[in-house]
Amino acid sequence: MKARKVPMRMCLGCQEMKPKKELVRIVRTPEGAVELDPTGKQNGRGAYICPQIECFKTAVKGHRFQKALDIELSPELIQELEGKLAGS
């Protein structure tokens, strides 16, 4: 039996390639809303990040979410996403 290929994605914070299931997806929906995607299958443009707060802060500091999602994030939205990430 053939071994299945594990999909790899790059974390926006630490810039390391990791298996997709180990990362958290943040998605910009077609309506323009930015939110966490716990299923990993929501419609829209996605970016992946490790579940650690350090990676999230590094990605925010480097404006990597803005580049990956092609949208400007407000400070309130960044705080909301950080709270949800810390809670998960």
Side-chain angles (χ1 to χ4, degrees):
M1 197 159 141
K2 201 172 179 182
R4 293 192 64 151
K5 183 178 170 188
V6 177
M8 303 290 280
R9 299 291 184 267
M10 183 183 290
C11 170
L12 289 180
C14 61
Q15 302 282 300
E16 290 181 21
M17 294 294 286
K18 296 186 178 185
K20 183 178 172 182
K21 292 200 183 275
E22 291 180 15
L23 301 173
V24 177
R25 184 172 186 246
I26 297 177
V27 65
R28 183 195 74 205
T29 63
E31 294 81 36
V34 177
E35 52 197 46
L36 283 181
D37 179 14
T39 64
K41 297 179 181 181
Q42 196 169 349
N43 278 347
R45 185 174 180 91
Y48 292 85
I49 190 151
C50 295
Q52 288 88 25
I53 294 297
E54 299 81 33
C55 281
F56 182 83
K57 289 183 179 181
T58 303
V60 169
K61 188 176 180 182
H63 302 285
R64 294 181 185 151
F65 285 115
Q66 286 86 332
K67 292 174 189 168
L69 299 176
D70 200 27
I71 193 169
E72 194 64 36
L73 300 180
S74 67
E76 296 85 24
L77 182 60
I78 291 171
Q79 272 189 324
E80 181 185 332
L81 289 173
E82 185 175 359
K84 287 181 181 178
L85 190 65
S88 64

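One-based numbering along the sequence shown.
Arg28 places no side-chain N or O within 3.5 Å of a backbone atom of Ala33 that could act as its donor or acceptor partner.
Every pair passing side-chain hydrogen bond (donor to acceptor under 3.5 Å, both in side chains) that includes a residue from residues 36-46 is listed here, sequence neighbours excluded: Arg25-Asp37, Glu35-Gln42, Asp37-Thr39.
Contact check for Val34 versus Val27: no side-chain heavy atoms found under the 4.5 Å cut-off. Residues Glu22 and Cys50 form no side-chain contact, since every pair of their non-hydrogen atoms from C-beta on lies 4.5 Å or further apart. Residues Cys55 and Leu12 are not in side-chain contact: their nearest non-hydrogen atoms beyond the backbone lie 4.5 Å or more apart. Ile78 has its side chain within reach of Phe56: a pair of non-hydrogen atoms, C-beta onward, lies under 4.5 Å apart. Met10 has its side chain out of reach of Tyr48: every pair of non-hydrogen atoms, C-beta onward, lies at least 4.5 Å apart. The shortest side-chain heavy-atom distance between Lys57 and Glu82 falls under the 4.5 Å cut-off. At a threshold of 4.5 Å between non-hydrogen side-chain atoms, the residues Arg9 and Pro7 count as touching.
Contact record, Gly32 with Ile71: O-CD1, 3.5 Å, taken as the closest heavy-atom pair. Taking each heavy atom of Gly46 and Leu69 in turn, the nearest pair found is C-CD2, 4.0 Å. The shortest heavy-atom contact between Leu36 and Leu81 is N-CD2, 4.0 Å.
From Cys11, atom SG reaches atom CD of Gln52 across 8.0 Å, with rounding to the nearest 0.5 Å. Taking CG from Asp70 and CZ from Phe65, the interatomic distance works out to 14.5 Å, rounded to the nearest 0.5 Å. To the nearest 0.5 angstrom, Met8 atom CE is 5.5 Å from Met17 atom CE. The structure places CG of Leu77 at 10.5 Å from CD of Glu72, a figure rounded to the nearest 0.5 Å.
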Kindly determine whether Ile49 and Leu23 satisfy side chain to side chain contact (heavy atoms under 4.5 Å, CB included), including the steps that lead there.
-> CA-CA 5 Å; Ile49 190 151; Leu23 301 173; over 6 Å; no
